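Just so we're clear, the structure is a prediction, and the values are computed from it rather than from any experiment.
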Amino acid sequence: MNESRSRREFLRAATLTGAGLALSNQLLGASNKSVLVFTKSSGWEHDVVKRVGGKPSLVDDTITELGNKHGFNVGVTKDGRIFDSKEFRSYAAVMFFTTGDLTTLGTDGKPPMSPNGKQTLLDALRKGMGFVGVHAAGDTFHTPPDPKDLSNRYIAHGDQEDPYLRMLGGEFIVHGREPRLQDADLIVNDAKFPGLEGVTSPVNFNEEWYSLKDFMPDLHVILTLDTSSMKGECYQRAPYPVTWARMHGKGRVFYTAMGDRPENWKNEFFLNLLSGGIRWSIGEASAQLDANLKEAAPGYAEIPPKFPPEK
């Protein structure tokens, strides 16, 4: 089977499953770098990545708009087979808003990644492809086992952590319950990072805040969550990173734990930060990446107390 036929059949199959690869209107014949937005949900499917009536999700539309604004092209898919295709190699970076073990069919019923596709992704990043993780990207490929009581998430796995999470730089434990959403202050650790120009610290923001762990020691922390006035067992800990950048081999990795609330996908602060992370990941913006984890968040290694059992 020749290359053009293989590509046509992959795209046709993806479309038939409702997980088709959609490209921004700039992509055909364009010379700009391209970003793949991957939103498969093998675990909880967030509202911002749901496609209703076959229409693009809020995340699909927003990243496409950012691409049109900042000069990068965008492809979007929920189909895990993309990582086994030649199509995947054409992208300068991939963005994940995903959940669960993506090598399983899971919640959304879209085709999963193959184990080889997962390794292809990690190899491509190490060789220089960029990566952008948003919110639930930290709730993806938990170090097994991941039982319903979440007990294994409260353990620091270090070198034994899933290789995807080692690449990402940290892992989601749990978020608040009552309240699920709350205002909190973000400490700006690097006001010179692309997209944060003119921002002063702290920044008050409303979000479903992830409690995170197993931070890679080489993190360049961009934003730290001030937990001092927050409610909930999972925030009974010292301030910890919620946005960072790091190098994975030659690949530029950016992650932000924000992005749950649909309203935030119209928020100027969040969109400027995210577009800065994307532009940096594809090499269209520069940043100084000193490893500042211990300085920015001295108590980063603390594991919060577990929620009491639900009655």
Side-chain angles (χ1 to χ4, degrees), residues 14 17-21 36-52 57-60 63 76-84 88 94-122 124-125 131-157 160-177 180 207-215 234 242 248 253-262 306-307 310:
T17 63
L21 185 68
L36 174 66
V37 178
F38 185 57
T39 57
K40 176 169 174 55
S41 302
S42 290
W44 177 263
E45 186 174 30
H46 290 68
D47 287 344
V48 296
V49 298
K50 287 182 179 178
R51 293 177 178 171
V52 181
S57 70
L58 177 58
V59 169
D60 294 340
I63 302 302
V76 300
T77 190
K78 292 178 177 289
D79 191 326
R81 293 173 295 179
I82 184 69
F83 300 98
D84 289 313
F88 175 62
V94 59
M95 183 185 121
F96 270 35
F97 194 126
T98 51
T99 53
D101 181 350
L102 300 176
T103 62
T104 65
L105 188 64
T107 305
D108 65 11
K110 300 300 186 284
M113 301 172 72
S114 68
N116 184 68
K118 179 181 177 182
Q119 189 60 52
T120 296
L121 167 68
L122 296 173
L125 299 177
F131 185 89
V132 176
V134 180
H135 192 56
D139 188 18
T140 299
F141 287 124
H142 286 285
T143 303
D146 188 28
K148 289 185 177 180
D149 66 2
L150 307 182
S151 55
N152 203 36
R153 297 190 192 178
Y154 288 85
I155 298 170
H157 294 288
Q160 302 306 309
E161 190 177 34
D162 186 273
Y164 165 87
L165 294 169
R166 299 287 286 174
M167 175 279 296
L168 185 67
E171 179 180 5
F172 166 66
I173 306 171
V174 71
H175 58 69
R177 291 179 179 173
R180 181 179 71 86
E207 184 56 270
E208 176 190 77
W209 295 107
Y210 276 8
S211 193
L212 300 156
K213 70 173 179 74
D214 264 331
F215 301 104
C234 60
V242 288
H248 183 70
V253 176
F254 171 85
Y255 174 76
T256 181
M258 297 181 285
D260 173 83
R261 299 178 66 231
K306 297 179 182 179
F307 282 116
E310 294 189 77

Participant: Does the pair K50/D47 count as a salt bridge with the N-to-O cut at 4.0 Å?
Facilitator: yes
Participant: When you compare the side chain of D260 with that of E207, does any pair of heavy atoms fall below 4.5 Å?
Facilitator: yes
Participant: So, do C234 and R177 sit near enough that their side-chain heavy atoms are less than 4.5 Å apart?
Facilitator: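 Of all side-chain heavy-atom pairs linking R177 with C234, none is under 4.5 Å.
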Participant: Begin from the C-alpha positions of F172 and T140 and carry the test side chain to side chain contact (heavy atoms under 4.5 Å, CB included) through to its verdict.
Facilitator: CA-CA 8 Å; F172 166 66; T140 299; over 6 Å; no
Participant: Looking at T99, T107, D108, T77, which one forms a side-chain hydrogen bond (donor to acceptor under 3.5 Å, both in side chains) with K40?
Facilitator: D108
Participant: Working to the nearest 0.5 Å, report the span between CD of Q119 and CG of D84.
Facilitator: 12.0 Å
Participant: From L168 CG over to F215 CZ, what is the distance, rounded to the nearest 0.5 angstrom?
Facilitator: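 These two atoms lie 10.5 Å from each other.
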Participant: Within the structure provided, determine whether L150 and I173 are in side-chain contact (heavy-atom separation under 4.5 Å).
Facilitator: no
Participant: Under 30°, 30 to 60°, or over 60°: which ring-plane class applies to F38 and F96, parallel, tilted or perpendicular?
Facilitator: tilted
Participant: For D60, what residues pass the side-chain hydrogen bond (donor to acceptor under 3.5 Å, both in side chains) criterion, not counting sequence neighbours?
Facilitator: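 For D60, the residues satisfying side-chain hydrogen bond (donor to acceptor under 3.5 Å, both in side chains) (neighbours in sequence not counted) are R51, S57.
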Participant: Is there side-chain contact between T98 and S42, with at least one heavy-atom pair below 4.5 Å?
Facilitator: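 The answer is no; the side chains never approach within 4.5 Å.
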Participant: Would F88 and L121 satisfy side chain to side chain contact (heavy atoms under 4.5 Å, CB included), going step by step from the backbone distance to the final call?
Facilitator: CA-CA 9 Å; F88 175 62; L121 167 68; 3.9 Å; yes
Participant: Please examine the side chains of R166 and L122, heavy atoms only from C-beta on, and report whether any two atoms are closer than 4.5 Å.
Facilitator: no
Participant: So, does Y255 use its side chain to make a donor-acceptor pair with the main chain of H135 at under 3.5 Å?
Facilitator: yes
Participant: Checking N116 against S114: is there a side-chain donor and acceptor pair closer than 3.5 Å?
Facilitator: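 N116 and S114 do not have a side-chain donor-acceptor pair below 3.5 Å.
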Participant: Within the distance-only criterion (no hydrogens, no angle test), does the side chain of D214 pair as donor or acceptor with the backbone N or O of E171 below 3.5 angstrom?
Facilitator: no
Participant: Are the side chains of T104 and P112 in contact, using a 4.5 Å heavy-atom criterion?
Facilitator: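 P112 vs T104: side chains apart.
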Participant: So does W209 get a backbone contact from the side chain of H175, meaning a donor-acceptor N/O pair under 3.5 Å?
Facilitator: no
Participant: Between CZ of R153 and NE2 of H142, what distance do you get to the nearest 0.5 Å?
Facilitator: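 Interatomic distance, R153 CZ to H142 NE2, rounded to 0.5 Å: 3.5 Å.
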Participant: Which pair of heavy atoms, one from Y210 and one from V242, lies closest together, and at what distance?
Facilitator: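 Closest approach of Y210 to V242: O-CG1, 4.5 Å.
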Participant: For K213 and I155, indicate whether the former's side chain and the latter's backbone hold a donor-acceptor pair under 3.5 Å.
Facilitator: yes
Participant: Under the side-chain contact (heavy atoms from CB on, under 4.5 Å) test, which residues partner D162, sequence neighbours left out?
Facilitator: K118, F141, T143, Y164, L165
Participant: Is the distance from the ring center of H248 to that of F131 below 6.0 Å?
Facilitator: no
Participant: So do K110 and T39 actually touch side chain to side chain, heavy atoms under 4.5 Å?
Facilitator: no
Participant: Could you check whether any side-chain heavy atom of V76 comes within less than 4.5 Å of a side-chain heavy atom of I63, counting everything from C-beta outward?
Facilitator: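 They are not in contact (no side-chain heavy atoms under 4.5 Å apart), so the answer is no.
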